[in-house]
Number of protein chains: 2
Amino acid sequence: MATIKDVAKKAGVSVATVSRAINGKGYVHEDTRKQIDEAIRELNYKPNEVARSLFNKKSRLIGLILPDIRNPFFPELARGVEDEMQEHGFRLIIGNADEKLEKELDYIETFKQNNVIGLISASTNEVLSHYDNLSFPLVLLDRTSVEHPSVYANGLDGGRLAAKELVSRGCKRISVLKGPVETQTARDRFKGAVDELYTANVHFDVMTTSFAFQEAEYWAKELFSKYPDTDGVIASNDVVAAAVLHEAHRLGKQIPEDLQIIGYDDIPFSQFLYPPLSTIRQPAYDMGREAAKLLIKLMDGKKVENKNILLPVQFIERQTTRKVERDD
Amino acid sequence: MATIKDVAKKAGVSVATVSRAINGKGYVHEDTRKQIDEAIRELNYKPNEVARSLFNKKSRLIGLILPDIRNPFFPELARGVEDEMQEHGFRLIIGNADEKLEKELDYIETFKQNNVIGLISASTNEVLSHYDNLSFPLVLLDRTSVEHPSVYANGLDGGRLAAKELVSRGCKRISVLKGPVETQTARDRFKGAVDELYTANVHFDVMTTSFAFQEAEYWAKELFSKYPDTDGVIASNDVVAAAVLHEAHRLGKQIPEDLQIIGYDDIPFSQFLYPPLSTIRQPAYDMGREAAKLLIKLMDGKKVENKNILLPVQFIERQTTRKVERDD
DNA sequence: TGTATGTGTGTAACCGATTACACACACAGA
DNA sequence: TCTGTGTGTGTAATCGGTTACACACATACA
């Protein structure tokens with residue numbers, strides 16, 4: 001690997017001049033610049049990011065913490081973040097926290113030690129105190145907090161929407177599957193659904209589930225054993241919805257005649273389920289991009305007027321809910 | 001952030017002694033060591049990885065290149081790699097190459113510039129020449145090559161198995177969906193299927209598809225418009241299989257009566273499809289772990305006898321294939 | 001002619017670690 | 001007493017960049 005010294009020698013100047021030429025700071029004579037460019041090309045010189053990072057106390061790396069990379073919702077978020085960052089010349093270190101605080105702390109340590117210049121966290125841990133004394137800006141993603149900037153989707157609306165759509169389609173005994181309630185958005189989502197069901201005066205039961213694949217099947221079985229005559233399910237996410245759908249098939253239920261199901265997230269796979277899953281869409285990719293944009297602003301030290309960006313959710317009508325006549 | 005100097009001052013010794021104490025190299029008096037440990041604790045000192053990395057020309061970072069993080073097969077691989085690396089104190093920089101050579105090269109540059117000490121690549125690019133002059137070891141994952149160490153699953157077997165299972169279940173007009181053929185494993189897979197079908201003397205058609213979600217639906221429609229009377233589909237992966245299944249439902253086909261489908265990969269979602277997808281399972285998580293283990297050996301400079309690790313695949317019988325009487 | 005300003009470049013300190021080397025001291029064996 | 005060896009520690013160079021500062025020179029203007 002060629003170093004700046006090699007370039008300086010080849011171009012017949014000092015390293016300072018090379019550095020200035022590369023970074024476009026200070027004066028460099030046109031002719032000198034050409035010499036240097038030539039030397040750089042010939043040696044295929046690339047500045048050593050580590051050395052830069054050591055001096056500047058800044059790398060070009062961004063940390064991204066995801067709770068569970070296996071849940072397709074999160075790769076979608078990650079893609080949004082990645083694409084935006086890529087366009088700005090930043091790179092991502094993705095950490096999979098596995099919903100464990102310890103792993104999350106581990107990654108934060110790695111991020112600090114590698115001089116990341118910003119962090120986006122979609123962690124689901126209730127406590128946020130480990131984010132308090134960071135030397136770089138932080139954006140929370142898919143969650144919110146008054147103390148930190150965040151990008152999230154409207155859980156209240158999402159829960160409400162899901163409930164409303166089931167009620168308007170005639171469900172009488174609704175099961176609300178509540179995700180892990182560590183985060184405000186998960187609580188909002190639940191609250192939205194419950195509020196709506198109270199108002200509509202529809203019977204409902206509540207069950208708390210995890211978001212993960214491995215356990216989804218268990219929860220689905222549990223659901224039907226506890227509430228065998230449920231006729232509407234508001235799932236905690238699309239993964240759980242898929243498991244419920246699968247279990248319903250196994251039990252010989254007709255969908256959406258006997259049972260209607262609404263998922264949450266709208267992961268790419270949901271359209272391929274049978275019947276295709278009706279769900280509340282969170283704009284995951286856009287959320288990722290927005291989080292990245294917000295972080296970039298913060299890193300630039302720009303004043304940001306709105307530090308908590310709320311994105312809308314949307315009911316995606318497919319076929320796990322009945323058709324209704326709409327008067328529009 | 002406390003530095004080694006702060007620790008040295010607090011402990012009343014030189015930085016060299018602190019460094020020796022931390023790294024357990026050279027002599028350090030027991031009492032001195034205690035003083036230093038105490039100072040480290042009080043200051044909450046963590047060595048700066050960037051400075052270390054600059055001097056040692058080695059970080060603790062491992063690069064991982066994935067072709068498409070949205071395809072659930074790859075997060076599964078990633079988890080395997082991550083878990084193994086985590087246990088050895090290494091961290092991952094995950095790069096999503098998006099099946100584009102340019103992005104892949106970008107990430108490789110980032111990896112070099114950040115002194116990664118090893119690279120695992122599941123890239124699908126045909127050319128590998130950009131891996132030739134790396135200063136750190138490389139392991140190919142989910143692909144193979146004579147020049148580089150690799151961990152992959154038996155494509156020949158996989159293709160053969162898929163074909164055999166369909167043939168033994170009475171398929172007469174099989175459609176083989178061929179993935180992108182840039183990689184040897186994809187070619188093997190195809191060859192395995194075709195060999196078996198030739199041998200069995202069963203009619204088959206071939207269509208080349210991508211592996212991606214966004215295009216899966218298109219290919220599914222294309223399939224049935226080109227070969228409307230196909231009665232067996234060997235899909236290029238589970239994502240495509242899901243799309244085919246979805247399209248088959250839309251066309252009112254009975255599965256597995258009218259049409260049998262076999263996927264590839266066995267991603268977690270496949271069990272939740274309806275009917276649950278029969279598929280060829282690649283042990284993704286284990287592949288990831290094996291790749292990590294192999295890389296660690298290479299990084300340690302150990303002689304590795306077998307640089308190309310072949311893992312077995314397995315037919316997972318679910319319900320997109322008919323039941324057969326087995327005489328076992 | 002003297003001074004201010006702009007241009008162009010080099011020297012050397014610095015970022016925070018690691019380590020080669022020098023040196024001091026204790027103790028053992030000749 | 002002298003020498004060799006093991007123990008313990010500090011000084012300073014080094015990794016590959018960036019940049020403060022000094023300095024040289026050209027030009028402009030009073």
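By convention in this document, chain letters (A, B, ...) are assigned in the order of the sequence lines, proteins followed by strands, and residues within each chain are numbered from 1. Treat the numbers as computed from the prediction; the structure is a model and nothing was measured.
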*Quick one: is D:dG8 close enough that its OP1 or OP2 comes under 4.0 Å of any side-chain N or O from B:Thr32?*
no
_Nearest-Å distance for atom pair CG/P, residues A:Leu54 and C:dT18_ = 12 Å
_Protein-nucleotide distance (A:Asp6, atom CG; D:dC15, atom P), rounded to Å_ = 11 Å
*Kindly say if A:Tyr27 contacts the phosphate of C:dT7, meaning a side-chain N or O under 4.0 Å from OP1 or OP2.*
yes
*Counting only side-chain N and O atoms of B:Tyr45, is one of them less than 4.0 Å from OP1 or OP2 of C:dA17?*
yes
*Answer with base, sugar-phosphate or nothing: what part of the nucleic acid does B:Ser53 contact at a heavy-atom distance below 4.0 Å?*
nothing
*In whole Å, what is the span from the NE2 atom of A:His29 to the C1' atom of C:dT9?*
12 Å
*Parallel under 30°, tilted from 30 to 60°, perpendicular over 60°: which one fits the rings of A:Phe111 and A:Tyr107?*
tilted
*Calculate the interatomic distance between A:Leu43 atom CG and D:dG16 atom P; express it in whole Å.*
14 Å
_Quick check on DNA chain D: between B:Ser14 and B:Lys57, whose nearest nucleotide comes earlier from the 5' end?_
B:Ser14
_For A:Glu126, is there an ion pair with A:Arg187 - N to carboxylate O distance below 4.0 angstrom?_
yes
*asked:* Counting only side-chain nitrogens and oxygens, does B:Thr17 get under 4.0 Å of the OP1 or OP2 atom of D:dG10?
replied: yes
*Look at the side chain of B:Arg33 and the base of D:dG8, then say whether one donor and one acceptor between them are separated by less than 3.5 Å.*
no
*Where the side chain of B:Ala16 is concerned, which of D:dG16, D:dG10, C:dA12 is the nearest nucleotide?*
D:dG10
*Starting from C1' on C:dT19, measure out to CZ on B:Arg20 and report it in whole angstrom.*
8 Å
*Counting heavy atoms from C-beta on, name the nucleotide in C:dT18, C:dC14, D:dT9 closest to the side chain of B:Val15.*
C:dT18
*Between B:Lys103 and A:Asp83, is the closest basic N to carboxylate O distance under 4.0 Å?*
yes
*Does the pair A:Val28 and A:Thr17 meet the rule for a side-chain contact (heavy atoms from CB on, under 4.5 Å), with working shown?*
CA-CA 7 Å; A:Val28 179; A:Thr17 305; 4.3 Å; yes
*Name the closest nucleotide to the B:Ile4 side chain, picking from C:dA12, D:dG17, C:dT18.*
C:dT18
_Considering every strand and a 4.0 Å limit on heavy-atom distances, what is the contact class for B:Val13: base, sugar-phosphate, or nothing?_
sugar-phosphate
*Under 4.0 angstrom, heavy atoms only, what part of the nucleic acid is B:Val50 near: base, sugar-phosphate, or nothing?*
nothing
*To the nearest angstrom, how far is B:Lys25 atom NZ from C:dC21 atom C1'?*
16 Å
*Toward the 5' end of DNA chain D, which comes first, A:Asn23 or A:Lys5, by nearest nucleotide?*
A:Lys5
_Whole-Å distance separating the CG atom of A:Asn114 from the C1' atom of C:dG16_ = 14 Å
*Can we say B:Glu49 and B:Arg52 salt-bridge, meaning some charged N sits less than 4.0 Å from an Asp/Glu carboxylate O?*
yes
*Which whole-number value in Å describes the distance from A:Lys34 NZ to C:dG8 P?*
13 Å
_Whether A:Glu76 and A:Arg79 form a salt bridge (side-chain N of Lys/Arg under 4.0 Å from carboxylate O of Asp/Glu) is what I want to check._
no
*asked:* On DNA chain C, compare the nucleotides closest to A:Gly12 and B:Val18; which residue's is nearer the 5' end?
replied: A:Gly12
*How is A:Thr3 classified with respect to the nucleic acid when contacts are heavy atoms under 4.0 Å: base, sugar-phosphate, or nothing?*
sugar-phosphate
